[in-house]
> 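Dumping the structure here so I can ask a few things about it.
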Amino acid sequence: MPEYVAAHIQERLATEAHELGIRVDVRGDVVHLRGEVVSEERSRDVEEAARDAAEGREICNELHVIAVPEPDGEEQIS
């Protein structure tokens, strides 16, 4: 059953939050979210989408926000 819940949450994260690289672990009534996102806003979006699909389970957001550097100058396309 935990595998079904995890798969259901991962599907929701892909369709609603557009995040594919989030690891979802279900232990009892707690859903653990692990992985990397580019902003606090994305972290909140992922948590909200997971909460909607978690069927009342507690969400433990363990996502890491990584800094994505701005490109230097213009990108050259050849």
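Numbers here are sequence positions counted from 1. Predicted, not measured: the structure shown is a model, and the values here were computed from it.
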> Among all residues two or more places apart in sequence or in another chain, which pass the side chain to side chain donor-acceptor pair (under 3.5 Å) test with Q10?
none
> Just to verify, what does R23 make a side chain to side chain donor-acceptor pair (under 3.5 Å) with, not counting sequence neighbours?
none
> Check side chain to side chain contact (heavy atoms under 4.5 Å, CB included) between E16 and all other residues, then give those that pass, not counting sequence neighbours.
R12, A49, D52
> Which residues pass the side chain to side chain donor-acceptor pair (under 3.5 Å) test with E62, sequence neighbours left out?
H32, R34
> Using the side chain to side chain contact (heavy atoms under 4.5 Å, CB included) criterion, which residues pair with E41? Sequence neighbours excluded.
S39, R44, D45
> To the closest 0.5 Å, what do you measure between SG (C60) and CD (E47)?
9.0 Å
> With sequence neighbours excluded, tell me which residues meet salt bridge (Lys or Arg N to Asp or Glu O under 4.0 Å) with E11.
none
> Hydrophobic cluster mates of V31, side-chain heavy atoms under 4.5 angstrom, ILVMFWY only, any path?
Y4, V5, I9, L13, I22, V24, V26, L33, V37, V46, I59, L63, V65
